[in-house]
Amino acid sequence: MTETAPDLLYSEAEEDLRAAVRSLLADRTDTPSALARAESDTPYDPRLWQALGAEMELAGLLVPEKLGGQGAGHREAAVVLEEIGRSVAPVPYLTSSVVATETLLGLDTTNAEVASLLGELASGRKTAALAVPFSYGPDSLRLRGGLDGIVRTVADAATADVLLVPTGQGLYAVEADQVTVTALTPLDLTRPLADVALDGARGTLLADADTGRAAVRRGLLAGAGLLASEQLGVAEWCLTETVAYTRDRKQFNRPVGSFQALKHRMAQLWLEVVSARAAARNAADALATGSPQAPLAVAVAQAYCSRVAVHAAEECVQLHGGIGMTWEHPAHLYLKRAKSAQGALGSAGEHRASVAEIVGLPGPA
Amino acid sequence: MSEQQPGADELLARTRELLAAHPPATTEAVDFLKARFDAGLAWVHYPVGLGGLGAPRSFQPVVDAELAAAGAPDNDPRRIGIGLGMAAPTVLKYGTDEQKRRFLRPLWVGEEVWCQLFSEPGAGSDLAALGTRAVRDGDHWVVTGQKVWTSSAHLARWAILIARTDPDLPKHQGITYFICDMTDPGVEVRPLRQITGEAEFNEVFLTDVRIPDAHRLGEVGDGWRVAQTTLMNERVSIGGMRLPREGGMIGPVARTWRERPELRTHDLHQRLLTLWVEAEVARLTGERLRQQLVAGQPGPEGSGMKLAFARLNQEISGLEVELLGQEGLLYSDWTMRRPELVDFTGRDAGYRYLRSKGNSIEGGTSEVLLNIVAERVLGLPAEPRNDKDVAWKDLAR
Ligand SMILES: Cc1cc2nc3c(=O)[nH]c(=O)nc-3n(C[C@H](O)[C@H](O)[C@H](O)COP(=O)(O)OP(=O)(O)OC[C@H]3O[C@@H](n4cnc5c(N)ncnc54)[C@H](O)[C@@H]3O)c2cc1C
């Protein structure tokens, strides 16, 4: 079996894209407004989304040009997510431009309803959320019933114009005004979660149950794979910030970063971040090329990167000392994003189980 | 202290007398606690007249168990942890008779809450670098400076305070230890919100606070040595509580595991069991340490318990958030509050996870405690230092 090595680097175009996204996010995000927004009635940033999704045309990176998108791919979307992770920006990129969009791409795109919805998502005019709990990994979905009951902890449901609802009767597109969305109090202050009550909702049937199930799996697989890039961004910010702080902070008449005990901790973290980058790029590349290795690449990336992000954020708090425990300092936003992302789109344990299955390392009988 | 230490039987008999004379069912909690203090059953290893009987510390559980069984009220240590765990042992060791009489009873009974005015923005791990100034004015001291991360300052009647009385000396030498009246008009307490959403700690601004010399603990310039007693006891009181099996952080996650079979996976099972064993071993290590210490003052080994406690609290609560799956993505409530208690294991898993991050920072960071173990327990050479012999005022800041 010959395998072409995945491309794990960033192209020049990808670096340009990163620079543009980073500069926009640097202009438009800051901790005091993030904190104020998190406790307001709109715990997300519609204007930032407008700038990022519509004006910079990033919402449609995964969508082919003929369907109104940019015809780029997962590698580019991953770069955007790295930057979103680095700034913990409260925008529905992962949920709408990746998970929901990819789910729709798994349907019959010659269907007028599917095509028109994809076009609207790609333009950034509308956002959609896949109505499954945010904890669901690629293999979690069990189809039951129709448009009824309550779907718990749906990410970015409160901002979504459309919900994609997988049911035993098929996959539906349901307008937000057809459902009752109840905002929850999330651990991650920068990613709103909500319960979605479907009883009495009317929707448009986009696909039968089996096609819908396969498309949802595809959406969640891409989501899990690219979440690894967001986690990489979170981890990178935490490391960079911690290095900067410990170089500056003096105790015992010297920078605390001059203590070997701390230097080794940060050097170790660097190794983890470098490794997370390889794993995340591998997943993005496999998704981009439609490689048969994609499920393994995603499982590896998610099993690895989720832990790295949590570790980096925990170290960030610890190495800041008391200031890291405060609400004003941004470290906790990253800790909460990382910890919550660890339980999102499949747990590390579930992804390890996927690895076991794919590479044939079964557990004890 | 009498020649003969009272034995466990005698303590039990005295406890029963206390219960007979002040039946918990018909006695106000605070009156019961005062009677308990006066009977010497508050902390039996303290001297007679100060809430104790000069008995071995290891007999305390005999008294506590008897009282608990009789439904007697306790003094809610979560409200007054700093008083019990830090101020009291320091007052006992360095206080004058007058200070001991004045402060220990209301402290133990819970009528007066204490806080600890040690850390400053520029002096955390390097506490001895503190810059809050105390200047003598007749039989008073005038104190000005800023303290930070002061837990329970918003509730406190008194504070243990260290301040610089001589900036010309090297930093460990020019410090003096005081008892500060938190109702002094020069004390301003501002809430400092934490990652849990609450403001358990505060910033405290001290402006010309007048402290009578009679509220000095220990000699002028000897504050660093006095503070060691506080810090050593702080570490033991954070890490060294006596717990039943599955007490502490492992309790809630074990309960969830038993009650919620749908959450179980093989992966989580192995990780839970690993942590369960570590928590049990930490509990046994603490018990063994207590048996060794019996009545003495805690040594640097106490730092080891706090290290284990912090790491386990963090890992266990982190696992609990994972175990809860989609519920783990939620939080109870971010509302800014100024809590009445310091509660490590309360509320929901997310709270426990976030609050436990402070366990490896408060009372000396885990890195600093590891240095203490390395240098004072293992006797490894200290890192070269350039800050010990320089006058405090000449140190870079
Ligand atoms: C929840 C909470 C409650 C608190 N309550 C109180 C209170 O009631 N009263 C009070 O006085 N204080 C309190 N504190 C303060 C606490 O004691 C200090 O935060 C702590 O001592 C660390 O100081 P710092 O925050 O300035 O961090 P720094 O000392 O600046 O430390 C930053 C980082 O450098 C590391 N570091 C520093 N020196 C070394 C070294 N020599 N070797 C290796 N690493 C090193 C630290 O471990 C840390 O990771 C509280 C803190 C918290 C988080």
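Proteins come first, then strands; the chains are lettered A, B, ... in the order of their sequence lines, and each starts at number 1.
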Per-residue contacts, residues 267-276 of chain B versus chain A, heavy atoms under 4.5 Å:
Asp267(B), Arg271(B)
Residue [X] versus chain A: region with a heavy atom under 4.5 Å:
| X | value |
| --- | --- |
| Trp334(B) | both |
| Ala123(B) | backbone |
| Tyr351(B) | neither |
| Lys388(B) | neither |
| Leu330(B) | both |

Residue, of [options], that accumulates the most heavy atom pairs under 4.5 Å with chain B:
| options | answer |
| --- | --- |
| Val256(A), Leu184(A), Ile323(A) | Ile323(A) |
| Gln260(A), His320(A), Arg265(A) | Arg265(A) |
| Gly322(A), Gly343(A), Pro133(A) | Gly322(A) |
| Ala348(A), Pro186(A), Ala38(A) | Pro186(A) |

Using a strict cut-off of less than 4.0 Å between a Lys/Arg side-chain nitrogen and an Asp/Glu carboxylate oxygen, indicate whether Glu39(A) and Arg193(B) qualify as a salt bridge.
yes
Hey, are Glu327(B) and Arg152(A) close enough for a salt bridge, meaning a charged N less than 4.0 Å from a carboxylate O?
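No.
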Ser347(A) portion near chain B, given a 4.5 angstrom heavy-atom threshold:
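Neither part.
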Just by modelled atom types, is the Gly349(A) backbone N or O under 3.5 Å from a matching donor or acceptor in the Glu322(B) side chain?
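No: the side chain of Glu322(B) does not pair with the backbone of Gly349(A).
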Tell me whether Gln251(A) contacts the main-chain N or O of Asp126(B) through its side chain, where contact means a donor paired with an acceptor under 3.5 Å.
yes
Among [options], residue most engaged with chain A (heavy-atom pairs, under 4.5 Å):
| options | result |
| --- | --- |
| Ile195(B), Asp387(B), Thr365(B) | Ile195(B) |
| Ile361(B), Thr265(B), Leu395(B) | Ile361(B) |
| Gly124(B), Ala129(B), Gly350(B) | Gly124(B) |

Tell me, yes or no, whether the heavy-atom count around [X] atom [atom1], taken from other residues, nucleotides or ligands under 6.0 Å, exceeds 12.
| X | atom1 | answer |
| --- | --- | --- |
| Asp168(B) | CG | yes |
| Gln326(B) | CD | yes |
| Asp389(B) | CG | no |

Do [X] and [Y] make a side-chain contact, defined as non-hydrogen atoms from C-beta onward lying under 4.5 Å apart?
| X | Y | result |
| --- | --- | --- |
| Gln342(A) | Val321(B) | no |
| Phe252(A) | Ser125(B) | yes |
| Tyr331(B) | Leu189(A) | no |

If you look only at pairs with a residue in residues 245-262 of chain A, which of them pass as a salt bridge (Lys or Arg N to Asp or Glu O under 4.0 Å), with sequence neighbours excluded?
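Listed by first then second residue: Arg254(A)-Glu383(B).
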Looking only at heavy atoms, which of residues 327-340 of chain A get nearer than 4.5 Å to chain B?
Trp327(A), Glu328(A), His332(A), Leu335(A), Lys336(A), Lys339(A), Ser340(A)
Dump the intermediate steps for side chain to side chain contact (heavy atoms under 4.5 Å, CB included) on Asn386(B) and Asn253(A), then the final yes or no.
CA-CA 7 Å; Asn386(B) 63 7; Asn253(A) 215 25; 3.3 Å; yes
What's the shortest heavy-atom distance between Gly325(B) and Ser135(A), and which atoms?
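Reported closest heavy-atom pair: C-CB, 4.4 Å.
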What are the two closest non-hydrogen atoms of Leu354(B) and Met325(A), and how far apart are they?
O-CE, 3.9 Å
Residue set satisfying side chain to side chain donor-acceptor pair (under 3.5 Å) with Asn202(B), at least two apart, ordered chain then number -> His154(B), Arg338(B)
Please lay out, stage by stage, how Leu329(B) and Leu193(A) fare under the test side chain to side chain contact (heavy atoms under 4.5 Å, CB included).
CA-CA 9 Å; Leu329(B) 303 175; Leu193(A) 298 175; 3.7 Å; yes
Can Ser360(B) and Gln318(A) be counted as having a side-chain donor-acceptor contact under 3.5 angstrom?
yes
